[in-house]
Protein chains: 2
Amino acid sequence: MDTLGTVRDEDFLRLDHQICFSLHAATRAFNGVYRTALKDLGLTYPQYLVMLVLWEHGELPVKRIGEHLRLDSGTLSPLLKRLEAAGYVERRRSPEDERSVTARPTPAGAELRERAIGVPRRIAAATGMPLEEIRELRARLNDLTAALNLAETGAGAGAGAGAGAGASAGGCVTEE
Amino acid sequence: MDTLGTVRDEDFLRLDHQICFSLHAATRAFNGVYRTALKDLGLTYPQYLVMLVLWEHGELPVKRIGEHLRLDSGTLSPLLKRLEAAGYVERRRSPEDERSVTARPTPAGAELRERAIGVPRRIAAATGMPLEEIRELRARLNDLTAALNLAETGAGAGAGAGAGAGASAGGCVTEE
DNA sequence: CACTATTCAGTTGCGCACAACTTAATTGTG
DNA sequence: CACAATTAAGTTGTGCGCAACTGAATAGTG
């Protein structure tokens, strides 16, 4: 098996190109498929992610939505404003903490879920992958994300094994 | 093994949430790590991708860069303008086809490669993955991207096996 | 040759992502 | 209680990604 030490920097530049670009391209390909699938619903893909969270949890403070999706208020505030303008979401200041704003689906937003419920199946079909493989890939990506987030927030080079990768995933993605 | 037919739509909504979000999150985590790694060089991650292509191929028309990275002129034109403003890239109209504009690294851009050559190793270390696993993941993502692009550009539901997925990847990513 | 169709780069407009900042409310401490 | 530190949302500015469009150059057709 290759180790980091046996590969020349030159080769790394090429491999780097490939892995990071693959991820980049896969995400944009996913976005493209979602874009068409969500066009009828009038949702963008990030808006859809927010609605998935709200459908699952009901009313949530912006902060909590951000924790589920790893997004900050700079992204969520205008996004929620647009969802509110579209009539899918209601926002209001929390009575017990005036700093906090909670969002929840309106009746129209709840109804939207019925229309969105066929979307994931179409996406899964578009991947042409069996569910088992999709799950496997998901697990791999979660490990990767956890390792990268870990590496970025100070922890050493983290060069060793992939151990501990799964640990820091807690609280990130909505776990199953 | 699961097939698409044995899973309820409800469960799909949750799984969908997870796989597409995992990809989304992994890409942003990658972006974050690159952002810090590229800060010294004054490059963003997409600018780095363009420089990788130019370092490898020398002078290229905007069109070709876009084919390598799956980006259109709407994204590349302003990006190349910024790279030009930074002094890393030269642009000029092609003499034999006045519609075409070619870009190539300036001396400063070529010199930048020497400073960038350590970046991929740091990224690889941050993933905490052995190279074999990275390659495996990359292959999986390329299949996924190919299938999604295929599904989007007309071809039927593409629900069947993953067969043929690798085919349409030709011409997309810079192959090894 | 004239004239349409295509190709390529660039621009505009919109939404997302993120850093940096502002404002307001709450918490903690002397 | 007063006052600093923290927390939550929102705002601003920059860059990417993409759809839709413009304008110029080339290719193709009668």
Side-chain angles (χ1 to χ4, degrees), chain A residues 20-21 23-36 38-39 42-51 60-67 69-86 89 91-103 149 152, chain B residues 20-21 23-36 38-39 42-50 60-67 69-86 89 91-103 149 152-153:
Chain A
C20 67
F21 174 73
L23 203 58
H24 202 65
T27 296
R28 285 185 293 131
F30 246 112
N31 277 337
V33 174
Y34 272 104
R35 202 190 321 280
T36 58
L38 294 173
K39 187 178 279 181
L43 291 179
T44 66
Y45 176 56
Q47 287 167 6
Y48 171 70
L49 288 177
V50 169
M51 291 308 295
L60 272 186
V62 174
K63 188 81 195 308
R64 295 274 163 276
I65 300 175
E67 284 167 7
L69 299 177
R70 279 263 183 278
L71 293 171
D72 65 6
S73 68
T75 299
L76 286 174
S77 288
L79 190 156
L80 287 168
K81 225 181 229 175
R82 281 185 285 270
L83 283 177
E84 191 174 38
V89 152
R91 288 188 306 160
R92 61 169 194 202
R93 289 269 155 202
S94 164
E96 57 268 18
D97 186 342
E98 288 283 335
R99 291 172 303 179
S100 177
V101 167
T102 60
N149 286 331
E152 207 185 3
Chain B
C20 67
F21 174 74
L23 205 57
H24 202 68
T27 296
R28 283 185 294 132
F30 247 111
N31 278 336
V33 173
Y34 272 104
R35 202 189 321 280
T36 56
L38 294 172
K39 187 178 276 181
L43 292 179
T44 66
Y45 176 56
Q47 287 167 8
Y48 171 70
L49 288 178
V50 169
L60 272 186
V62 174
K63 187 78 195 309
R64 296 274 162 278
I65 300 175
E67 284 168 7
L69 299 177
R70 279 263 184 275
L71 294 171
D72 65 6
S73 68
T75 299
L76 286 174
S77 287
L79 191 157
L80 286 168
K81 224 180 229 176
R82 282 186 285 270
L83 283 178
E84 191 174 38
V89 153
R91 287 189 305 162
R92 62 169 191 200
R93 289 269 156 198
S94 164
E96 58 268 14
D97 186 343
E98 287 284 335
R99 291 171 303 180
S100 177
V101 168
T102 61
N149 286 332
E152 206 186 1
T153 55

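Side-chain atoms are counted along with the backbone in the values below, which use heavy atoms only and exclude waters and symmetry mates. Naming convention: chains lettered A, B, ... in sequence-line order (proteins, then strands); numbering from 1 in each chain. What you see is a predicted model; the values in this text were computed from it and never measured.
- Partners of A/R35 by side chain to side chain donor-acceptor pair (under 3.5 Å), not counting sequence neighbours: none found.
- Distance CZ (A/R28) to C1' (D/dC18): 10 Å, rounded to an integer number of Å.
- Partner of B/H24 under the ring-ring contact (aromatic ring centres under 6.0 Å, His included) criterion, chosen from A/Y48, A/Y45, A/F30, A/Y34: A/Y45.
- Residues satisfying the side chain to side chain donor-acceptor pair (under 3.5 Å) test with B/S100, not counting sequence neighbours, are none.
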Atom pairs, protein N/O to nucleotides 8-11 of chain D N/O, distance under 3.5 Å:
unit_1: D/dA8; atom_1: OP2; unit_2: A/K63; atom_2: NZ; d: 2.9
unit_1: D/dA9; atom_1: OP1; unit_2: A/V62; atom_2: N; d: 3.2
unit_1: D/dA9; atom_1: OP1; unit_2: A/K63; atom_2: N; d: 3.3
unit_1: D/dA9; atom_1: OP1; unit_2: A/V101; atom_2: N; d: 3.4
unit_1: D/dA9; atom_1: OP1; unit_2: A/V101; atom_2: O; d: 3.4
unit_1: D/dA9; atom_1: OP2; unit_2: A/K63; atom_2: N; d: 2.8
unit_1: D/dG10; atom_1: OP1; unit_2: A/R91; atom_2: NH1; d: 2.9
unit_1: D/dG10; atom_1: OP2; unit_2: A/S77; atom_2: OG; d: 2.8
unit_1: D/dG10; atom_1: N7; unit_2: A/S73; atom_2: OG; d: 2.6
unit_1: D/dT11; atom_1: OP2; unit_2: A/K81; atom_2: NZ; d: 2.9

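- Residue A/D72 contributes atom CG, which lies 16 Å from atom P of D/dT12 at whole-angstrom precision.
- Distance A/K39 NZ to D/dC18 C1': 12 Å, rounded to the nearest Å.
- Shown here are the side chain to side chain contact (heavy atoms under 4.5 Å, CB included) partners of A/R93, two or more places apart in sequence or in another chain: A/E98, A/V101.
- Note: CG (B/L79) to P (D/dC18) measures 13 Å, nearest angstrom.
- D/dT14 atom P lies 14 Å from atom CD of B/Q47, rounded to whole Å.
- Under the side chain to side chain contact (heavy atoms under 4.5 Å, CB included) criterion, A/A29 pairs with B/T145, B/L148, B/N149, not counting sequence neighbours.
- Side-chain proximity of B/T44 to the nucleotides D/dG15, C/dC18, D/dG17 is greatest for D/dG15.
- Residue B/N31 contributes atom CG, which lies 8 Å from atom P of D/dG17 at whole-angstrom precision.
- Using a cut-off of 4.0 Å between Lys/Arg side-chain N and Asp/Glu carboxylate O, A/R64 and A/E67 are scored as salt-bridged.
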Short heteroatom pairs, N/O only, protein and nucleotides 21-23 of chain C, under 3.5 Å:
none

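- Residues forming a salt bridge (Lys or Arg N to Asp or Glu O under 4.0 Å) with A/D72 (at least two apart in sequence, or on another chain): none.
- Evaluation of the side chain to side chain donor-acceptor pair (under 3.5 Å) rule for B/S73 yields no partner, not counting sequence neighbours.
- In this structure, A/L38 places its CG atom 17 Å from C1' of C/dC14, rounding to the nearest Å.
- Under the side chain to side chain contact (heavy atoms under 4.5 Å, CB included) criterion, B/R92 pairs with B/E59, B/T102, B/R104, not counting sequence neighbours.
- If you measure from atom CD of B/E96 to atom C1' of D/dA24, you get 17 Å, rounded to the nearest angstrom.
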